[in-house]
Amino acid sequence: MTDPVTDPVIHLEGVAKTFTLHNQGSAVIPVMEGAELSVHAGECVGLIGASGAGKSTLMRMIWGNYLAAAGTILVAGTDVAKAEPREILALRRGRLGYVSQFLRVVPRVPTLDVVAEPLLVLGVPEAEARARAADLLARLRIPERLWSLSPTTFSGGEQQRVNIARGFAHTCPALLLDEPTASLDAANRETVLGLIEEAKARGAAIIGIFHDEAARSRVCDRVVNVSDFTPKAA
Amino acid sequence: MTPLLQVRGIEKRYGARIGCTGVSFDLYPGEVMGIVGESGSGKSTLLSCLAGHLAPDQGQVIFDTRAKGPVDTVTMAEPERRMLARTDWAFVHQNPRDGLRMGVSAGGNVGERLMAVGARNYGQIRSSAEDWLGRVEIAADRIDDRPAAFSGGMQQRLQIARNLVTGPRLVFMDEPTGGLDVSVQARLLDLLRGLVRRLGLSAVIVTHDLAVVRLLADRLMVMKGGLVVETGLTDQVLDDPQHAYTQLLVSSVLQV
Ligand SMILES: Nc1ncnc2c1ncn2[C@@H]1O[C@H](COP(=O)(O)OP(=O)(O)OP(=O)(O)O)[C@@H](O)[C@H]1O
Ligand SMILES: Nc1ncnc2c1ncn2[C@@H]1O[C@H](COP(=O)(O)OP(=O)(O)OP(=O)(O)O)[C@@H](O)[C@H]1O
Ligand SMILES: [Mg+2]
Ligand SMILES: [Mg+2]
């Protein structure tokens with residue numbers, strides 16, 4: 001039996017990752033083993049560890065664009081390590097959100113639609129989805145005159161804010177944030193931290209990577225050092 | 001949920017040469033599957049087998065028909081398969097000339113598909129044609145022009161309108177954005193994405209463009225030498241490719 005109150009929303013056990021570089025002499029690079037992690041509703045856990053320790057790798061295995069070599073990755077009822085592609089797609093549509101470091105969009109699509117899309121996919125009426133998108137874009141200080149333009153020509157910081165707006169459009173029970181405050185000015189950084197606090201307050205389970213220590217200590221309830229999962233040299 | 005398409009062990013040979021072999025997958029309603037792979041890897045051959053343009057030497061292509069549920073389209077009677085091709089399937093060719101009637105007006109190209117499934121009311125046919133030309137962003141005052149007077153991108157959009165007007169459930173596309181310049185490709189991509197979402201279409205898309213599959217396809221199949229060497233969630237195959245050939249394919253483009 002699962003209990004929504006006490007069971008974690010995200011639960012990892014025995015997760016391992018190896019990269020095999022077939023075109024570089026079939027080098028096998030073990031980067032992680034025995035990774036464990038549990039995040040409950042309303043909790044934010046920060047991933048820490050030196051550059052190259054595997055923070056992004058762990059996050060990508062949870063999102064499902066990196067394949068886990070072993071272990072269990074339970075996210076809101078789905079084991080991402082074993083799920084079929086369409087089960088992972090369903091998870092991403094309704095239950096798992098991800099703010100990656102870079103925005104990837106179909107060229108020519110207006111910013112407002114880029115942000116509203118996750119809601120439209122879920123069948124939210126267009127007017128409601130656009131209103132929610134507009135609200136987020138306004139909070140993140142994207143000038144209204146840019147909303148009808150494609151974000152492909154925006155500055156790095158603007159693109160990042162569009163990406164954050166998109167990631168927060170639907171209120172997912174589980175959320176992954178890869179450097180959400182990097183390269184933001186103080187006011188926008190404050191807005192993003194506010195969005196994270198609101199998401200926690202409504203019960204989201206969040207995993208974040210923050211190089212900004214002040215941001216991390218403000219929103220994270222605890223941290224997990226991924227260096228603890230670095231494979232011991234054989 | 002029943003898959004819309006169940007492909008089992010498809011093989012097609014050209015004499016001693018393998019076109020494709022051992023291809024199996026399920027496609028669910030609303031899913032878009034991309035097929036990538038080097039030239040000659042069997043992508044078009046496979047797509048033709050799936051769409052009933054080529055008879056495979058082995059295997060089954062089971063389509064969930066509206067009337068009778070899942071039926072193997074390889075062994076079904078030719079008239080029945082032709083009816084499916086007109087009603088439930090659409091095929092967008094790389095070269096719009098292969099999918100359009102160049103001597104017939106734009107409106108006629110779209111209307112003809114409707115008439116092939118029994119539409120007879122001229123006014124209704126014309127207004128459907130107008131509606132679909134509008135959806136693919138072809139101005140209403142071009143309805144009586146022949147495709148030969150259209151640009152490549154417009155011809156491709158017209159081909160899409162002609163194919164989708166009958167409300168198919170499954171769309172096959174062979175390099176739908178090939179040969180178009182980048183900004184035209186972007187428009188077409190945006191259009192296809194919107195149509196897939198609003199109409200709940202399923203699609204199988206062959207392309208060599210990894211940026212296109214990343215934006216359009218839910219799942220990806222990688223072919224080499226007639227075989228499927230890797231399948232998975234699109235971003236997983238592109239970001240964490242497992243097979244040597246896929247790693248080479250992904251690393252040889254700048255950024256997707
Ligand atoms: N697609 C990949 N193919 C091969 N190796 C990879 C791949 N992705 C990550 N790695 C390797 O896995 C290790 C962990 O990388 P990762 O990006 O997860 O580190 P990180 O902790 O996020 O570092 P940073 O703080 O610099 O972002 C590194 O050695 C990296 O080279
Ligand atoms: N009609 C044919 N007769 C003989 N051999 C053929 C025929 N059509 C295709 N082939 C061969 O079958 C193999 C697969 O061809 P196919 O056209 O399916 O490749 P493809 O992946 O679509 O390539 P491209 O990316 O160049 O379009 C190739 O070796 C090709 O030469
Ligand atoms: Mg990283
Ligand atoms: Mg081909």
Side-chain angles (χ1 to χ4, degrees), chain A residues 17-29 31 56-57 59-69 78 80-93 98 100-110 113-114 116-124 126 129 150 152-153, chain B residues 1 3-4 25-34 137 177 182-194 196-198 200 202 210-212 214-221 229-252 255-256:
Chain A
K17 180 66 193 161
T18 312
F19 290 103
T20 305
L21 309 179
H22 291 288
N23 301 300
Q24 295 178 51
S26 292
V28 176
I29 307 169
V31 296
S56 299
T57 296
M59 192 170 272
R60 289 179 187 140
M61 284 193 284
I62 301 170
W63 179 242
N65 63 326
Y66 275 15
L67 277 184
T78 299
V80 176
K82 295 177 190 68
E84 291 292 321
R86 61 193 193 94
E87 296 171 310
I88 297 180
L89 291 168
L91 175 72
R92 290 178 181 182
R93 266 194 299 274
Y98 178 37
S100 61
Q101 280 177 283
F102 303 101
L103 179 69
R104 250 197 282 250
V105 294
V106 178
R108 231 180 62 105
V109 178
D113 293 356
V114 165
E117 202 203 355
L119 295 168
L120 295 174
V121 165
L122 284 171
V124 173
E126 299 219 357
S150 161
T152 41
T153 57
Chain B
M1 199 187 342
L4 187 63
F25 67 90
D26 288 342
L27 186 75
Y28 284 83
E31 255 182 356
V32 177
M33 192 172 77
E137 302 176 36
T177 62
V182 180
S183 72
V184 179
Q185 273 193 27
R187 286 176 72 143
L188 209 58
L189 272 180
D190 176 20
L191 175 75
L192 289 173
R193 278 259 292 212
V196 166
R197 191 185 70 218
R198 279 185 218 105
S202 304
L210 298 186
V212 166
R214 175 162 322 248
L215 294 171
L216 218 50
D218 301 313
R219 288 160 55 200
L220 192 55
M221 200 157 95
V229 295
E230 183 162 357
T231 63
L233 208 57
T234 301
D235 61 2
Q236 183 265 299
V237 174
L238 295 178
D239 295 339
D240 189 14
Q242 305 294 304
H243 190 275
Y245 174 67
T246 317
Q247 291 187 356
L248 196 64
L249 193 72
V250 169
S251 67
S252 51
Q255 214 218 355
V256 285

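Small disclaimer: the values here were computed from a predicted structure and weren't measured.
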| request: Identify the two heavy atoms, one from A:I88 and one from B:L233, that lie closest to each other, and give their separation to 0.1 Å. | output: CG2-CD2, 3.5 Å
| field | Residues in residues 26-33 of chain B that sit under 4.5 Å from chain A, counting heavy atoms only | value | B:Y28, B:E31
| query | What pairs with A:A116 under side-chain contact (heavy atoms from CB on, under 4.5 Å), at least two apart in sequence or on another chain? | reply | A:L120, A:A129, A:A133
| query | Can a salt bridge be assigned to the pair B:D240 and A:K17 using a cut-off of 4.0 Å between side-chain N and carboxylate O? | reply | yes
| request: Pick out which of A:R60, A:R92, A:R104 makes a side chain to side chain donor-acceptor pair (under 3.5 Å) with B:D235. | output: A:R92
| message | Tell me the closest heavy-atom pair linking B:M1 and A:R86, and the distance in Å. | response | CE-NH1, 4.0 Å
| said: Please find the pair of heavy atoms, one from A:G64 and one from B:Q236, that lie closest to each other, and give the distance. | reply: O-CB, 3.5 Å
| field | Side-chain donor or acceptor of B:Q247 paired with backbone N/O of A:Q24 under 3.5 Å | value | no
| query | Side chains of A:P85 and B:T231: does their closest heavy-atom pair fall under 4.5 Å? | reply | no
